[in-house]
Student: 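One structure, as structure tokens, below. Some questions next.
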Amino acid sequence: MSEERKKAFGFRATMRTLKLSLQIMVKYQPSYLFLLLAAGLAEAAKPFVAVLLPKLVLEELSGARDPARLLLLTIAAAGFSGLIYWLSGYLSLRRDRANAKFNNLTDRVLADRTLTMDYPYLEDPEVLKMVQQFMQGRMTQGGLAGAFGWALGNGLPALLTALGMLFILARLSGGLLGLLLAATAVSLVLLRLQVKYLSGMTMEMADGNRILSYLFSIFTDFSYGKDIRLFEAEPLMTTRMKDTVDELWRVCFGNYTKSGACQAGRAAIAQGVVALIYAMLAVQTVQKGLSIADFVMLTAAAVSFASSVMTAVTSAMNFYGALKMVAPFGEYMNLPPVLSQGSEPVPELTGEDAVVFDHVSFTYPRAAEPTLKDLCFTIKRGERLAVVGENGAGKTTMIKLLLRLYEPDEGTIYLGGRDIRTMSREETLKQFAVVFQDFKLLAFSVKENICIGPDGDEERLHEVLRKLDLDKVMESTPHGAETSVYRLFDEEGVEFSGGERQKMAIARALYKDSPIVVMDEPTAALDPIAEAEIYGHLNQLVEHKTALFISHRLSSCKFCDRVAVFENGGVTQCGSHKELMAQEGLYRRMFAAQARYYV
């Protein structure tokens with residue numbers, strides 16, 4: 001296990017998760033804690049009903065045997081017992097509902113954190129493992145609600161019961177009490193081993209479960225269906241599934257075997273203690289004249305004490321074990337910012353240079369070599385700049401730095417003449433409308449995908465649809481722009497073509513109406529005619545905005561004012577298409593390589 005993961009599962013991380021959970025509970029669901037305590041107190045009262053009420057009835061039977069008093073005792077015992085059990089059941093039902101609500105609350109908090117955390121964490125495999133581990137603990141141990149259930153739903157009632165029974169048992173011999181405590185100590189050792197095996201198993205299974213989740217997502221995603229069948233990938237998929245399941249079973253079998261042995265040892269100790277309690281009390285009844293009523297009460301109290309102590313210890317260990325299994329929650333929620341938190345306003349882009357990269361270098365976390373090296377180039381206000389280069393030259397990485405998804409290791413990026421790190425990130429992002437090569441559309445309506453929400457400007461929406469000829473597509477759909485993308489949740493949804501989805505991604509960027517438009521392979525899924533229309537109407541689409549295009553189709557560079565050629569993490573050429581074609585260099589070689597297939 002890496003040092004990062006050891007830190008995420010350590011004692012301090014577990015305590016941070018406990019503290020954070022209590023803070024969330026107090027802030028968002030304060031009644032939950034009181035409900036847990038009330039349900040625990042009601043549960044703690046139940047054993048005393050079984051211990052004390054039979055003694056009162058037996059004393060009456062062995063004494064005056066007054067029918068009226070006996071009937072009254074019996075009715076009172078039954079009524080009180082019924083009330084306690086009803087109250088406990090009612091509060092337990094309310095507690096179970098509150099458990100589900102609290103787990104849903106923590107899921108929402110986790111989702112909010114994921115949506116707002118600094119982007120580099122989302123590409124960090126160690127952070128992804130934290131989420132996987134928390135979700136696995138959520139499924140196997142009931143999440144944070146499960147941990148509190150062990151502590152307050154089981155542990156607290158058992159502790160209170162044990163203390164009460166100890167008070168009743170004070171008249172017994174010290175030998176019997178010593179026996180109970182010794183048995184409890186041995187059971188505690190076995191329980192610690194049991195929790196160790198089970199929590200260790202969960203951590204060992206985290207990577208395998210991630211693979212299994214990925215495989216299941218492939219099996220249930222129809223977009224993989226064609227490739228799997230056409231390339232006869234079924235054996236590969238089933239083999240990978242079998243290998244993963246076999247490895248998970250190996251981990252489960254070994255740990256469950258050890259855990260089962262500990263459980264069997266605890267059960268044997270418990271039964272042995274019960275037998276000895278009966279024997280010792282029987283001897284006291286014969287030798288010291290212990291009454292039948294006291295014998296029944298003390299026997300029940302001793303058994304309840306032993307059981308309650310075991311339950312309290314078990315609950316305490318399970319509480320810590322369950323909390324430890326979801327400990328990455330606290331670590332995940334407290335990940336520190338890695339990007340600058342600027343607060344200055346974004347200046348008006350009125351100067352000649354909109355964006356300047358000044359000796360920028362960048363290396364991805366855990367990468368051996370830098371992706372960008374001493375990058376220097378300028379994006380002028382209002383120009384159309386094409387960025388080209390071979391795969392891995394750093395084009396998309398440059399975009400990520402510009403959008404503040406990452407920050408340079410060296411050098412400075414200026415926006416409107418000001419260091420981009422000094423500005424508010426939220427305000428900075430408003431300056432950019434982006435279409436990434438691997439864009440994503442949500443299984444919501446077309447309108448929600450473009451406007452990013454149900455409440456959009458209808459006039460502006462129809463304008464961008466018209467510019468991209470998507471208005472005609474919407475006319476053929478069941479509900480126009482309200483039609484769902486995909487059929488995942490809506491039977492009347494539409495599986496739009498790749499080109500139509502790419503136009504929707506472009507429409508989303510245009511709808512945002514930002515001063516700088518960034519398009520990473522914006523026409524990769526379009527047919528040649530549609531692509532020609534997009535570039536032919538480029539000025540109409542982006543209007544007065546600054547536009548940055550990344551494309552492997554070099555014919556698109558003819559529509560741009562300048563072309564920046566990326567090579568080995570830097571810009572090696574920059575100029576118009578005509579100027580670069582007149583130079584010996586990578587651009588002319590790449591253009592000629594593409595052009596020869598068209599002439």
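These numbers come from a predicted model, not from an experiment.
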Student: Give a yes or no on whether a salt bridge exists between R425 and D118, defined as a side-chain N under 4.0 angstrom from a carboxylate O.
Tutor: yes

Student: I'd like to know if the side chain of T546 reaches the main chain of G382, judged simply by a donor and an acceptor atom lying under 3.5 Å from each other, with no hydrogens or angles considered.
Tutor: yes

Student: Taking it one step at a time, do Y364 and T397 satisfy side-chain hydrogen bond (donor to acceptor under 3.5 Å, both in side chains)?
Tutor: CA-CA 9 Å; Y364 281 103; T397 299; 2.7 Å; yes

Student: Side chain of R501, backbone of F496: donor and acceptor closer than 3.5 Å?
Tutor: yes

Student: Is the backbone of L339 close enough, under 3.5 Å, to the side chain of R404 for a donor and an acceptor to pair up by distance?
Tutor: no

Student: Does F357 have its ring centroid less than 6.0 Å away from the ring centroid of F362?
Tutor: no

Student: Is it the case that more than 12 heavy atoms not belonging to E390 sit under 6.0 Å from its CD atom?
Tutor: no

Student: Between K400 and E123, does at least one N-O distance fall below 4.0 Å, as a salt bridge requires?
Tutor: yes

Student: If I compare all heavy atoms of F549 with all of C560, which pair ends up nearest, and what's the gap?
Tutor: CD1-SG, 3.9 Å

Student: Is the CD atom of E491 crowded by more than 12 outside heavy atoms at less than 6.0 Å?
Tutor: no

Student: Distance alone, cut at 3.5 Å: any donor-acceptor contact between the side chains of Y121 and T114?
Tutor: no

Student: Salt bridge or not between K380 and D561? Use side-chain N to carboxylate O under 4.0 Å.
Tutor: no

Student: Can you name the closest pair of heavy atoms from Q29 and F102 and give their distance?
Tutor: OE1-CA, 3.3 Å

Student: Might you confirm whether atom CZ of R240 has over 12 heavy atoms from other residues, nucleotides or ligands at distances under 6.0 Å?
Tutor: no

Student: For Q23 and Y28, which I'm curious about, is there any donor-acceptor pair between the side chains at under 3.5 Å?
Tutor: no

Student: Of all the heavy-atom pairs spanning V109 and M333, show the shortest one and how long it is.
Tutor: CG1-CE, 3.1 Å

Student: Quick one: does Q594's side chain have a donor or acceptor within less than 3.5 Å of a partner on L554's backbone?
Tutor: yes

Student: Checking K395 side chain against V387 main chain: does a donor-acceptor pair fall under 3.5 Å?
Tutor: no

Student: Using modelled atom types and a 3.5 Å cut-off, is there a donor and acceptor pairing between side-chain atoms of K503 and backbone atoms of L468?
Tutor: yes

Student: Sequence neighbours left out, what pairs pass salt bridge (Lys or Arg N to Asp or Glu O under 4.0 Å) with at least one residue falling in residues 22-31?
Tutor: none

Student: Do you know which two heavy atoms are closest between L372 and L375, and how far apart they sit?
Tutor: CD1-CD2, 4.1 Å

Student: Identify whether the distance between the nearest side-chain nitrogen and carboxylate oxygen of E407 and R421 falls below 4.0 Å.
Tutor: no

Student: Show your working on side-chain contact (heavy atoms from CB on, under 4.5 Å) between E126 and R366 and close with a plain yes or no.
Tutor: CA-CA 11 Å; E126 292 297 333; R366 299 185 176 86; 3.4 Å; yes

Student: Could you go through E463 and R466, starting from their C-alpha distance and side-chain angles, then the distance that decides it, and tell me whether this counts as salt bridge (charged side-chain N to carboxylate O under 4.0 Å, His left out)?
Tutor: CA-CA 5 Å; E463 177 64 17; R466 184 191 60 78; 2.6 Å; yes

Student: Tell me every residue that passes side chain to side chain contact (heavy atoms under 4.5 Å, CB included) with E448, counting only those two or more places apart in sequence or in another chain.
Tutor: F444, S445, P454

Student: Would you tell me whether R94 and Y90 have side-chain atoms, one donor and one acceptor, within less than 3.5 Å of each other?
Tutor: yes

Student: Looking only at heavy atoms, which two atoms of S92 and A39 are closest? And how far apart?
Tutor: N-CB, 4.5 Å

Student: Under a 3.5 Å cutoff, is there a donor and acceptor pairing between the side chains of N99 and Y32?
Tutor: yes

Student: Quick one: do R250 and E247 make a salt bridge, cutoff under 4.0 Å?
Tutor: yes

Student: Rounded to the nearest 0.5 Å, what's the gap from CG on D520 to CG on L548? Could you check?
Tutor: 9.0 Å

Student: Is the cationic atom of R384 (NZ for Lys, CZ for Arg) positioned less than 6.0 Å from the six-membered ring centroid of F559 and within 45 degrees of its normal?
Tutor: no

Student: Sorted by first residue and then second, give each salt bridge (Lys or Arg N to Asp or Glu O under 4.0 Å) pair with at least one member in residues 427-444; sequence neighbours left out.
Tutor: E427-K430

Student: Under 3.5 Å, is there a donor-acceptor pair between the side chain of T239 and the main chain of L236?
Tutor: no

Student: Only one of V446, V434, V464, L441 passes side chain to side chain contact (heavy atoms under 4.5 Å, CB included) with R508; say which it is.
Tutor: L441

Student: Would E475 and K472 pass as an ion pair if we require N to O under 4.0 Å?
Tutor: no

Student: From L461 CG over to C451 SG, what is the distance, rounded to the nearest 0.5 angstrom?
Tutor: 4.5 Å

Student: If you count the non-hydrogen atoms of other residues, nucleotides and ligands that lie under 6.0 Å from CD in E234, is the total more than 12?
Tutor: yes

Student: Could E492 and R487 be called an ion pair, given the rule that one side-chain N must be under 4.0 Å from one carboxylate O?
Tutor: no

Student: What verdict does the ring-ring contact (aromatic ring centres under 6.0 Å, His included) test give for F566 and F377, after you've listed the backbone C-alpha separation in whole Å, the side-chain angles of each residue and the deciding distance to 0.1 Å?
Tutor: CA-CA 10 Å; F566 272 60; F377 83 106; 5.7 Å; yes

Student: Any heavy-atom pair between the side chains of M504 and F439 that's under 4.5 Å?
Tutor: no

